[in-house]
Amino acid sequence: MFRLWAKTFKDNHMVKDMTVCDDSSDTRTHKIFHALDEICYAFDLSKPIWLDSTINEFKRHSRTRFYQDSFIDSIDFDFLEIQVIEED
């Protein structure tokens, strides 16, 4: 089972969170992108742009934050954090 946890924060408080589960046989990368698509749809967000810094952080820690500079539209929170919490 693959699970990705997404959270939005405003003023150091978690505003929303969501966990996406995926037990398909897709690659890890595909699972991450599919989960991010679900999260953006549920939170009514445009898809964030993966900057070099977000990619490197995600590779090292299986967790990253998307700030305003990763979104084309304006956001009403400080950042969106995604974290892989389970993979097999």
*Check Cys40 against Lys47 and note the closest heavy-atom contact, atom names and distance.*
SG-CA, 3.9 Å
*Below 4.0 angstrom, N of the basic side chain to O of the carboxylate: do Glu87 and Arg28 qualify?*
yes
*Thinking salt bridges, do Lys10 and Asp76 make one under a 4.0 Å N-O criterion?*
no
_According to a hydrophobic-cluster definition based on side-chain heavy atoms being under 4.5 Å apart (Ile, Leu, Val, Met, Phe, Trp, Tyr only), do Ile55 and Phe33 belong together?_
yes
*same_hphob_cluster(Phe9, Val20) at 4.5 Å side-chain heavy-atom cutoff*: no
*Would you find more than 12 non-hydrogen atoms of other residues, nucleotides or ligands less than 6.0 Å from Asp52 atom CG?*
no
*asked:* Grouping I, L, V, M, F, W and Y whenever their side-chain heavy atoms are under 4.5 Å apart, do Leu4 and Ile49 come out in a common cluster?
replied: no
*Kindly say whether Lys16 contributes a backbone atom to a donor-acceptor pair with the side chain of Thr8 at under 3.5 angstrom?*
yes
_Side-chain heavy-atom pair Leu36, Pro48 within 4.5 angstrom cut-off_ = yes
_Surrounding CH2 of Trp50 (heavy atoms of other residues, nucleotides or ligands, distance under 6.0 Å), is the total greater than 12?_
yes
_Please find the pair of heavy atoms, one from Asp78 and one from Asn12, that lie closest to each other, and give the distance._
OD2-N, 4.3 Å
*Calculate, to the nearest 0.5 Å, the distance between atoms CG and CZ belonging to Leu45 and Phe77 respectively.*
4.5 Å
*Looking only at heavy atoms, which two atoms of Ile72 and Ser46 are closest? And how far apart?*
N-OG, 4.1 Å
*Quick check: does any side chain N or O of Glu81 sit under 3.5 Å from a backbone N or O of Ala6, one acting as donor and the other as acceptor?*
no
*Nearest-0.5 Å distance, CG of residue Asp26 to CD1 of residue Ile32*: 11.5 Å
*Tell me, do Val84 and Phe58 make a side-chain contact under 4.5 Å, heavy atoms counted?*
yes
*Measuring from Arg63:CZ to Gln83:CD, what's the distance to the nearest 0.5 Å?*
5.0 Å
*Can you find a side-chain donor-acceptor pair between Arg65 and Ser53 that sits under 3.5 Å?*
no
*Hey, could you give me the NZ/CD1 distance between Lys7 and Ile39, rounded to the nearest 0.5 Å?*
11.0 Å
*Please report the closest heavy-atom contact between Met1 and Cys21, naming both atoms and the distance.*
SD-CB, 3.7 Å
_Side-chain heavy-atom pair Asp17, Trp5 within 4.5 angstrom cut-off_ = yes
*Please report the C-alpha distance between Ile82 and Phe66 in whole Å, then the side-chain angles of each, then the deciding distance to 0.1 Å, and finally whether the side-chain contact (heavy atoms from CB on, under 4.5 Å) criterion is met.*
CA-CA 8 Å; Ile82 61 170; Phe66 296 101; 3.8 Å; yes
*Separation of Glu86 CD from Ser62 OG (nearest 0.5 Å)*: 13.0 Å
_To the closest 0.5 Å, what do you measure between CZ (Phe43) and CG (Leu80)?_
7.0 Å
